[in-house]
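First comes the structure, then the notes that go with it.
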2 protein chains.
Amino acid sequence: MATLRALECLVAVADTGSITDAARLLHSSQPAVSQQIAALERETRTALLRREARGVTLTPAGRAALAEARRAIDAAASAVRSARATGEAEGGSLRLACAQSLTVPLLAPVIRAWHRHHPRVAISIREAVSPDGLFGPADGEAIDVFVLPGPVDGRFTTTVLAEEEIVVTAPRGHRLAAAGAVTLAELDGADLVHFAPDNSLSDWLDRSLSAAGVRLRPVVRTSVTSAAPQLAAAGLGIAISPVSAVSAGFPGVVRSFSPRWTRRLVAATPGEPDPLAARFIADLRTRGVRVPRDVRAQLGDDAP
Amino acid sequence: MATLRALECLVAVADTGSITDAARLLHSSQPAVSQQIAALERETRTALLRREARGVTLTPAGRAALAEARRAIDAAASAVRSARATGEAEGGSLRLACAQSLTVPLLAPVIRAWHRHHPRVAISIREAVSPDGLFGPADGEAIDVFVLPGPVDGRFTTTVLAEEEIVVTAPRGHRLAAAGAVTLAELDGADLVHFAPDNSLSDWLDRSLSAAGVRLRPVVRTSVTSAAPQLAAAGLGIAISPVSAVSAGFPGVVRSFSPRWTRRLVAATPGEPDPLAARFIADLRTRGVRVPRDVRAQLGDDAP
DNA sequence: CGTAGCCATTCGAAAATCTTATCGGAAGCA
DNA sequence: TGCTTCCGATAAGATTTTCGAATGGCTACG
């Protein structure tokens, strides 16, 4: 394979019409350029230059090589340039994998900001409702940043993005509407809008309740996290979910737990995050989880 | 500037997902590839690979560099390939400069053949009516092969393409029609269709006639070589021109000189001809000058 | 006829690259 | 847990490549 250096020399010679001048242009010596050209001619088995009294001119073979040589040099320069640009969030692509329920409240605002401030960075998202779906088959596409409820496997580097409050939701007029904050115990025996098994909140909720010794009666199960509070508000029972699943204008009752119950949202990267991912994660962290205003009103002043 | 070698390593690593496998693919050792990648990362000031337990994956910066790296490698390979192809008349471009009068009878058939047999070679022609016009301002475009009446400047390498006969043409019924071959002397005093000063045949004819001590009366001058015989046939007088200027179906009398009078047609290249030019010149030589059939009939059996 | 400009070649020095050997970490397995 | 295996990084020495200074040949020019 020809050396980039040799191609550079060819281009310089073509541009200056002289090996000596090309050497000056390249901050090199005349023999160095001469030898690079000679090497190239050895490789192509053809004369690339016509040696004349006053400098050199290109042979047809030299002309043919010249165009491609320029392309090669440009591409090589562009390779390091775009890599460097990516390191500075001025280009490249970022591949995210996100727990489905977090896409809208957590990712969306940051992605929107990036489209404005880093328009040359192409962001792609893969969504899933369970860690298996996130970490699972990579489709040959490696993921740069995972966004999900923590904790996660130790081989990932994790950054805590937010402590998200767990709340209970109920229909308007439900007895909980009177209380300020709710204890888990007082929910015992209530009808529960549960999650479907493919939603990882299902297992999580079961474990949490049995750990607290509380029993609830599942009356319906849904895969879509944000559907649970809606179904609860529709009168099916109560729902226990992250506050981010409660949409703005929620038509029911929202109550915090006492003591406060939260879950951790983290960003995970395989190994040390590269600069682009690190930047994105930093933005995720400073923005945190957006809790809709009217839901905050129902929760009290110290809501996240 | 990054090395092509380093970019090759990056591509190989991306393709295999492992430095060790990439080294195998490149018939190199694992540390060699590792160092090349390290050098590239030093140059881009960014991590290009994520080192994981089982091989490596590309970071966003690595992905960004990868695409350009492939382009660079392809272009470099393509540069030597197309240079080599040009050496074998399988590509490239050939720039010709040709005395205007020779384009049709000499160049055209060979170019037609090349368009068929070497379709990937792009041929361009510059025409002129005098050597000055041929060798003159290069327009920044160097010429590979000059085709013109010889002899030419000694700094060119010349190849004799053909000995072209000089003939005299006259209107039908002219007294020359009776003769077999004509001597220059017997033309003395005749009306001559001459060439315009910008046509180099003008000087050439004047020198030739005065050297022979023959005087003719110029009655008209033309720049276009092939127009002279036509004007002669139209009754203006006689014309003296290369036989290639006499078209097929010429409506007049064509006579050889006695002794036979010829001029040399040569191909000239600056310095040693490159393979492509050499090939083209060889074809020019074997094809020679085509003299139209019915003109040959008027000249006799030994016409070229 | 001497001078100047340009390229090729030679040769020793400098630099880059490769290879061998070795280390450390992580994953898989018993 | 402890052992083995796999993979990448590092160190050091050897090899190859590249470079630079000096030189020679050639041509154009005055």
Side-chain angles (χ1 to χ4, degrees), chain A residues 1-10 12-43 47-59 62 76 135 142 152-157 269-272 274, chain B residues 1-10 12-43 47-59 62 76 135 142 152-157 269-272 274:
Chain A
M1 172 73 75
T3 311
L4 254 197
R5 178 70 177 161
L7 297 181
E8 279 178 336
C9 289
L10 178 66
V13 167
D15 287 346
T16 61
S18 140
I19 290 184
T20 303
D21 291 347
R24 252 190 292 278
L25 194 67
L26 296 168
H27 304 293
S28 179
S29 68
Q30 173 262 319
V33 178
S34 189
Q35 293 175 63
Q36 291 292 344
I37 297 290
L40 209 50
E41 291 183 323
R42 213 175 314 124
E43 166 122 9
L48 301 176
L49 303 181
R50 243 191 302 274
R51 276 75 173 175
E52 294 171 351
R54 214 69 186 175
V56 298
T57 60
L58 292 179
T59 64
F135 298 119
V152 301
D153 196 317
R155 66 193 154 193
F156 288 91
T157 301
T269 59
E272 278 304 297
D274 54 278
Chain B
M1 171 75 74
T3 312
L4 255 198
R5 179 69 177 159
L7 298 181
E8 281 179 333
C9 288
L10 178 66
V13 167
D15 287 346
T16 61
S18 139
I19 290 184
T20 304
D21 290 347
R24 250 191 292 279
L25 194 67
L26 296 168
H27 303 294
S28 180
S29 67
Q30 172 260 318
V33 178
S34 189
Q35 291 171 42
Q36 291 292 345
I37 297 290
L40 207 51
E41 291 184 322
R42 213 176 314 125
E43 166 120 12
L48 301 176
L49 303 181
R50 244 192 301 275
R51 278 73 171 176
E52 295 171 350
R54 215 69 187 175
V56 298
T57 60
L58 293 178
T59 64
F135 298 118
V152 300
D153 196 316
R155 66 194 153 190
F156 289 91
T157 302
T269 59
E272 279 302 299
D274 56 277

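Lettering follows sequence order; numbering is per chain, from 1.
B:Thr57 contributes atom OG1, which lies 4.0 Å from atom CD of B:Glu52 (distance to the nearest 0.5 angstrom).
Among C:dC18, C:dC7, C:dG5, the nucleotide with an atom closest to any side-chain atom of A:Gln30 is C:dC7. Relative to the side chain of A:Arg54, the nucleotides C:dG5, C:dT10, C:dC18 differ in distance, and C:dG5 lies closest.
One interatomic measurement links the two molecules: CG of A:Asp21 to P of C:dC7, which rounds to 8 Å at whole-angstrom precision. Atom CZ in A:Phe156 sits roughly 14 Å away from atom C1' in C:dA26 (whole-Å rounding). Spacing between atom CD of B:Gln36 and atom P of C:dA15 amounts to 18 Å, rounded to whole angstrom units. The CZ atom of A:Arg51 sits 13 Å away from the C1' atom of C:dT9 (whole-angstrom rounding). For A:Glu41 and C:dC7, the CD to C1' distance is 12 Å, given to the nearest whole Å. Distance CZ (A:Arg50) to C1' (C:dC6): 17 Å, rounded to an integer number of Å. Whole-Å rounding puts the A:Gln35 CD to C:dA15 P distance at 17 Å.
Listed pair B:Arg5 / C:dC18 meets the phosphate criterion, a side-chain N or O lying under 4.0 Å from OP1 or OP2. Between A:Thr20 and the phosphate of C:dC7, there is a side-chain N or O to OP1/OP2 separation shorter than 4.0 Å. Between B:Thr3 and the phosphate of C:dT17, there is a side-chain N or O to OP1/OP2 separation shorter than 4.0 Å. At the phosphate of C:dC7, OP1 or OP2 sits under 4.0 Å from a side-chain N or O atom of A:Ser18.
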Intermediate values then yes/no, side chain to side chain contact (heavy atoms under 4.5 Å, CB included), A:Ser28 and A:Arg5: CA-CA 11 Å; A:Ser28 179; A:Arg5 178 70 177 161; 3.6 Å; yes
Worked verdict on A:Asp274 versus A:Thr269 for side chain to side chain contact (heavy atoms under 4.5 Å, CB included): CA-CA 9 Å; A:Asp274 54 278; A:Thr269 59; over 6 Å; no
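Note that the first and last nucleotides of DNA chain D, 5' to 3', having any atom under 4.0 angstrom from a heavy atom of chain A are D:dT18 to D:dA28.
Contact detail for A:Val56 and A:Arg51: the closest heavy-atom pair is CG1-CA, 4.1 Å. Contact detail for A:Met1 and B:Ala76: the closest heavy-atom pair is SD-CB, 4.2 Å. For A:Arg50 against B:Pro270, the heavy-atom pair with the smallest separation is CD-O, 2.8 Å.
For B:Ala6, the side chain to side chain contact (heavy atoms under 4.5 Å, CB included) test picks out B:Thr3, B:Gln36, B:Leu40, with sequence neighbours left out.
Ranked by how close their nearest DNA chain D nucleotide is to the 5' end, A:Pro31 and A:Ala53 are led by A:Pro31. Toward the 5' end of DNA chain C, the nearer of the two residues B:Ala39 and A:Gly17, judged by each one's closest nucleotide, is A:Gly17.
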